[in-house]
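This report refers to the structure that appears directly beneath it.
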Amino acid sequence: MYIYKTEILTVGTKWFSDKADANDIEALDWLINEKAADGWELVTYDYMATSMQIKGAFVVTFKKQQ
């Protein structure tokens, strides 16, 4: 049986585009590697832009054996 953990990783402020940039990807890589070191495996992630296109976030779900 697995246990699951979902985290929200807020990205930098966007002024002209709602797309993730290199800094956002670096932060996502850091989170994935940090959780992997603790035994968590990445299950899924999604990038959510806001309707105002100012601030978005990654929603990241991990799993590990219970």
Side-chain angles (χ1 to χ4, degrees):
M1 177 170 230
Y2 292 104
I3 55 174
Y4 293 86
K5 177 181 183 87
T6 300
E7 296 201 15
I8 296 175
L9 177 64
T10 306
V11 300
T13 302
K14 310 292 184 233
W15 296 108
F16 300 107
S17 171
D18 65 346
K19 295 181 175 77
D21 61 23
N23 292 331
D24 301 331
I25 299 302
E26 185 177 328
L28 178 60
D29 286 345
W30 180 86
L31 176 65
I32 292 170
N33 287 317
E34 178 185 67
K35 294 300 176 191
D38 289 335
W40 293 95
E41 179 182 347
L42 176 67
V43 175
T44 187
Y45 78 95
D46 192 17
Y47 180 74
M48 300 184 321
T50 62
S51 60
M52 302 287 291
Q53 295 184 349
I54 294 174
K55 197 107 171 141
F58 290 104
V59 176
V60 189
T61 302
F62 300 94
K63 73 177 182 180
K64 73 176 177 178
Q65 285 291 130
Q66 190 170 22

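In what follows, residues are counted from 1 in the order of the sequence shown.
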When K35, K63, K64 are each screened for side-chain contact (heavy atoms from CB on, under 4.5 Å) with K5, the one that passes is K35
Distance col, row T10:OG1 vs D24:CG, nearest 0.5 angstrom, shows 10.0 Å
Here the gap from L28 atom CG to N23 atom CG, rounded to the nearest 0.5 Å, amounts to 12.5 Å
Can you give me the closest heavy-atom contact between [X] and [Y], atom names plus distance?
X   : Y   : answer
V11 : Y47 : CG2-OH, 3.7 Å
Y4  : T61 : CD2-CG2, 4.3 Å
V43 : F62 : CG2-C, 3.8 Å

Please determine whether residues Y45 and Y2 belong to a single hydrophobic cluster, defined as Ile, Leu, Val, Met, Phe, Trp and Tyr linked transitively by side-chain heavy-atom distances below 4.5 Å. no
*CD of Q65: more than 12 outside heavy atoms within 6.0 angstrom?*
yes
**Message:** Does I8, at its CD1 atom, have more than 12 non-hydrogen atoms belonging to other residues, nucleotides or ligands within less than 6.0 Å?
**Reply:** no
